[in-house]
Amino acid sequence: MDYQFKDIEKKWQQFWADNHTFKAENKTNKPKYYVLDMFPYPSGAGLHVGHPLGYIASDIFARYKRLKGFNVLHPMGYDSFGLPAEQYAIQTGQHPSVTTEDNIATYRRQLDQIGFSFDWSREVRTSSAGYYKWTQWIFMQLFNSWYNKEADKAISIADLVAHFENKGSAGINAVCDEEILSFTADEWKAFTEQEQQAELLKYRLTYLRESTVNWCAALGTVLANDEVKDGFSERGGYPVEQKKMMQWSMRITAYAQRLLEGLDTIDWPEPLKEMQRNWIGKSVGASVRFPIEQTTQNAQLTTNYIEVFTTRVDTIFGVTFVVLAPEHELVAALTTPEQKKDIEEYIAKTKKKSELDRMADTKTVSGAFTGSYVLNPLNGEKIQLWIADYVLAGYGTGAVMAVPSGDQRDYLFAKHFNLPIVPIIDIQNIETEADPTKEGTYINSDFMNGLDYKAGTAAVIAKLEEVGAGKAKVNFRMRDAVFGRQRYWGEPVPVYFKDGLPYLIDESELPLILPEIDKYLPTETGEPPLARATDWSYKPSNKPHPNPPREGGLKEQDGIYRETADPVYYEQLKDFSRDNRKNPTEAEDILWQLLRGEKTGYKIRRQHAIGQFIADFVSLKKGLIIELDGHHHKLNKEADDARTEVLNHLGFEILRFDNDEILDNPEKAINTIKRKLDELPERDKTKISGDQDEAKVSPSGGDLEGADADGSYAYELSTMPGWAGSSWYWYRYMDAQNDAEFASEEAIDYWKAVDLYIGGSEHATGHLLYSRFWNKFLKDIGKTPEEEPFKKLINQGMIQGRSNFVYRLSDEDGRGTNTFVSHGLIKDYKVSPLHVDVNIVDNEVLNLNKFKAWRPEYADAEFIMENGKYICGVEVEKMSKSKYNVVNPDDLIERYGADTLRMYEMFLGPLEQSKPWNTNGIEGVFKFLRKFWRLFHDADWNFTVSNAEPTKAELKSLHKIIQKVEQDIERFSFNTSVSSFMIAVNELTDLKCNKRAILHNMVIILEPYAPHICEELWVLLGNEAGTLSYAQYPTFNPAYLVEDEFSYPISFNGKMKTNVSLSLSLSNEEIEAAIRSHTDVLKYLDGKAPKKVIVVKGRIVNIVV
RNA sequence: GCUCAGAUGGUGGAACUGGUAGACACGCAGGACUUAAAAUCCUGUUCCCGUAAACGGAGUGCGGGUUCGAUUCCCGCUCUGAGUACCA
């Protein structure tokens, strides 16, 4: 039979699933190997061709390791808490768990048909209670721990309490908040419970504190730094502002040094390590205290010095002014009455500057003088105290000592405000700019004069310590990570409040189940969505948990729909409408072009907020809503029906269209709409209270301050951030069903750490850093054995989209015609480019019939072609629906099969390289698999293999590929191994080889790449089904590759001219003699004598003339 | 600005420690089979000169250098992509 990939692939996928072929055991006598993929967030769009790239690579590696005799753990799961499902819930009322469930089903179907060897019995979902129980549990361990600098590890908070009770705060060296108290054991015991808890909170590894956060009003939540791009949220692009809020934080800074050092012990791509190093941002320097001058001291001051951090403490005698950040807490107290106006104006100006302006404008020098002075701690010199926005409140101490001779920003500042510039190094050149050099010796520097950088720095630090004005210090750029957001779809934080202080719930109460709520937005007073929960008010008692697990389904759906929106909700809704308008779907856009303005005779608005909903299109006058059901709506019919009912109540008529109806025949839809509009009477507006556009909006921004103070609720309302669940999931795979522990000790001890982790570099400073942090913590508390969780990491490159264009001819008035010009001819015509679906273009040649069928208005399209073909234009862009360049793996599998897709994705280029997707070469891989299939079959497609002894040439081909593929897999060069397979099969085809001895081994080594076809052939060869995955990998035997002769390339002055075949047994002298007298060589020498002959045995001969 | 990665035919890419540049595949051109198309197979395909072959010349972003020999190592530059950004 011909190669029937569809039947074969279906058959074996079923077989693997039925027989649990890839189930990993937690204990065997085989060596273990753990291959991990970054688990996906199951988005509504499903997989595109770029997603599986890394999964295919890891699958090849996992299968290869199995064949090499390893017990392989290769699991998959879903990072299923997150914003998109929640956004969708807000807009539609659909419960995020339902959306998530649907999306996971799609992912699973798509993953299954690619033939991955995942052990699905270990699947995890971060949003399932059985999983987040342990995320909450880890949170509790962090809450119960503090970081002991002495031991350089996390220790139980109980030990800290014991120490306080015995010795007070003396002798504790902890990573903790700045403003800890000093007390004796007796004083500690005299503290109230509340005072003790407040003090302990300053030490805990997860703690509450007021911090400046990135608040995104549109999303109603706090975002992590890596979720904010240029002052806008990464997801959705909404504006983000800085805001103070009580927030859960994780003391990741306690681990800064270990996170930095650990990088040297792991096999990760250098750029990725570099990103983490920069993110951690270690700088070694000193902190120095500048006493505040007597005359400017006043009663409001809480200290009598300004502390700065510097990496160039050696330049202290070059300090000519000190600068505070405008937000520095001492600014007000240090401003003299004469300068008050200046300073206040400057601060006001700075505040107004948006994040964006500040970034765009790094050149303008600005600042203001406080009127106060500080003293140089080493020579008592009087120094002006300024404020300026180039000093950041969030880094170091929010104050710098300015050395204009050595720092360019200080230099510009000094020039601008006419402050002194003092050179301090003899060879410094400060004519036009600062000179940060460390060469030379010091001048104008008191006791340092004549010393060099190294000696000078040591001397200054010694002196500062002697006078108590400073000490050596290491500073990190990394901040503690915010660990909470005011959202619904995440892990509830297992904490309740007493007297305004957090306490853990009892461990036996875990999991603390996410409660049901009626809608997914902050409350009117700005509290997080969890405040809406009516069946959830956690009380720390022995009563049964008040929040039993949800039974699923949409039973309470009706409750979601109210006829009027509350003002906060409505304001949010309008934000979403705005965003929706910017990103219309294809069908929406087509319809909008036909409806916009008053083309129908009535004013139509699109993406307009009504009640609790956003209508796709609406005529407010006639009360007609036009809804377009995209793909996702189909999953959602119940919810849509319910909202139709509510809208009817409000006096609206609803027309619903399928996406395809619009795409296929927009004219028909328009006619239906027009008829309806004419038919309908004017809407009865009394049914809805007030016009929605004029709804009063509460000014609340969702501030949480004091939320617990009035006792209105006693439980934590924020949920954990997206990175919580993904910071430990690789341990759950080791023992996914365990209900007593996050994973058993035996399982963790067996699998230890991930041997190979494959995923994108976009997680460099998020997931990959937080995971290392939690891993170190889990090790500290004795739960896991390894300091680093991911031994080796490979970044797969991003797959970009590759768009195709057609060129529509314009008429004299510049309007588009229905004629299209081929790409090579566009310079001769007036045309406008239009995206065309890449799936109807083959090697840049447009399929004319498919194009005519693509859109009804192109049915009569005419073409100006070149050489009888219509050639499309090409551009590399992001893969996106609106650019019609999304290539879906489903379509390719339908046409070529999973084995071809797997091999083609690898053949595309080096795994780590980003590249545009291009389907052009896929035929070549498909042909290769057919050719491979044909080796086992005769001309009539009958399975025929010979038991004859293989020839020397056949064995050579085989062993060449065995060696090559092994080398390639070990260095993750999958593209070259695919090429080698093609070479091997081409050679064996030329040799007409159908020997069992050869083909048996070929099937084994190809299995990781193309498992389905190999399983089929394996059984045809007479082996037992299912044994291939664990077959004996063939051993490379170099004896088969030994040659007696080598065809030496002969080059003259490095230019290759000819070849001479010689025996490999000859010595260098014999080779040289043979070459010198060879007729071909003599011909090239043309009578001249060679100056020198270089012989590299088995490689090359070079003749210098 | 800083840090990192990269630049090779019409295209994706190969050349692993300095040793025959362009493997493998796509595309293209020509041919076989066929009434025809598809499929399949064969041949050619870096560029320039040349009808073709032989032969010759140029050639791995640009300019230099080291070397018998450089896509590979060194110096300087250009461009592209990614990360980061007043970090004291």
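Just so we're on the same page: letters track the sequence lines, and every chain starts at 1. No hydrogens, no waters, no symmetry mates; every other heavy atom, side chains included, goes into these values.
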Quiz item: Taking the six-membered ring for Trp, are A/Y1048 and A/F1046 parallel (under 30°), tilted (30 to 60°) or perpendicular (over 60°)?
Solution: perpendicular
Quiz item: Starting at the 5' end of RNA chain B, which residue's closest nucleotide do you reach first, A/N920 or A/F309?
Solution: A/N920
Quiz item: What is the distance, rounded to the nearest whole Å, between atom CD of A/E327 and atom P of B/rC86?
Solution: 13 Å
Quiz item: Considering only the P atoms, how many Å lie between B/rA70 and B/rG57, rounded to the nearest integer?
Solution: 16 Å
Quiz item: Given atom NZ of A/K1057 and atom P of B/rA54, what is their separation to the nearest angstrom?
Solution: 14 Å
Quiz item: What interatomic distance, in whole Å, is found between P of B/rA23 and the corresponding atom of B/rU45?
Solution: 10 Å
Quiz item: What class does the angle between the rings of A/W386 and A/F413 fall in, given that below 30° is parallel, 30 to 60° is tilted and above 60° is perpendicular?
Solution: perpendicular
Protein N or O to nucleotides 16-22 of chain B N or O, pairs below 3.5 Å:
residue: B/rC16; atom: N4; partner: A/K964; partner atom: NZ; Å: 3.2

Quiz item: Looking only at atom P, what distance separates B/rA15 and B/rA53, rounded to whole Å?
Solution: 30 Å
Exercise. Considering only NZ, NE, NH1 and NH2 on the basic side and carboxylate oxygens on the acidic side, decide whether A/E270 and A/R277 come within less than 4.0 Å.
Key: yes
Exercise. If the plane angle is over 60° it's perpendicular, under 30° parallel, otherwise tilted; pick one for A/H937 and A/W933.
Key: parallel
Quiz prompt | Rounded C1' spacing from B/rC77 to B/rG31 in Å | solution = 49 Å
Quiz prompt | A/I983 or A/Q913, whichever maps to the more 5' nucleotide of RNA chain B | solution = A/Q913
Practice problem: Applying ring-ring contact (aromatic ring centres under 6.0 Å, His included), name anything that partners A/Y896, two or more places apart in sequence or on another chain. | Solution: A/F926
Exercise. To the nearest Å, give me how far apart CZ (A/F290) and C1' (B/rA88) are.
Key: 12 Å
Exercise. Using the P atom on both, measure B/rA29 against B/rG56 and round to a whole Å.
Key: 32 Å
Quiz item: Base of B/rG57 relative to its sugar, syn (within 90° of 0) or anti?
Solution: anti
Quiz item: How many Å lie between CD1 on A/I280 and C1' on B/rU84, as a whole number?
Solution: 15 Å
Practice problem: Classify the ring geometry between A/H767 and A/H763 as parallel (under 30°), tilted (30 to 60°) or perpendicular (over 60°). | Solution: perpendicular
Self-check item: Nucleotide opposite B/rG1 in a Watson-Crick or G-U pair, distances under 3.5 Å
Solution: B/rU84
Quiz item: Is the distance between the ring centroids of A/F981 and A/Y1009 less than 6.0 Å?
Solution: yes
Quiz item: Between B/rG22 and B/rC74, how far is it from one C1' atom to the other, in whole Å?
Solution: 26 Å
Quiz item: In whole angstroms, how far is the P atom of B/rG10 from the CG atom of A/N918?
Solution: 17 Å
Exercise. Walk me through it: do A/D267 and A/K273 pass the test salt bridge (charged side-chain N to carboxylate O under 4.0 Å, His left out)?
Key: CA-CA 9 Å; A/D267 184 4; A/K273 290 194 194 179; over 6 Å; no
Self-check item: Under 3.5 Å on both distances, the Watson-Crick or G-U partner of B/rU35
Solution: none
Exercise. Look only at the side chain of A/Q963 and the backbone of A/F1036, and say whether a donor-acceptor pair between them is shorter than 3.5 Å.
Key: no
Self-check item: Nearest-angstrom distance from the residue atom CD1 of A/I1103 to P of B/rG69
Solution: 14 Å
Quiz item: Under 4.5 Å between any side-chain heavy atoms of A/L958 and A/K956, yes or no?
Solution: no
Quiz item: Can you tell me the Watson-Crick or wobble partner of B/rA29, both distances under 3.5 angstrom?
Solution: B/rU43
What does the list of N/O pairs under 3.5 Å between the protein and nucleotides 4-7 of chain B look like, with a distance for each?
none

Quiz prompt | Rounded distance in Å between the C1' positions of B/rG50 and B/rA82 | solution = 47 Å
Exercise. Could you check which nucleotide pairs with B/rU72 in any of the strands shown, counting Watson-Crick or G-U wobble with both distances under 3.5 Å?
Key: none
Quiz item: Where the side chain of A/R934 is concerned, which of B/rA15, B/rC86, B/rC41 is the nearest nucleotide?
Solution: B/rC41
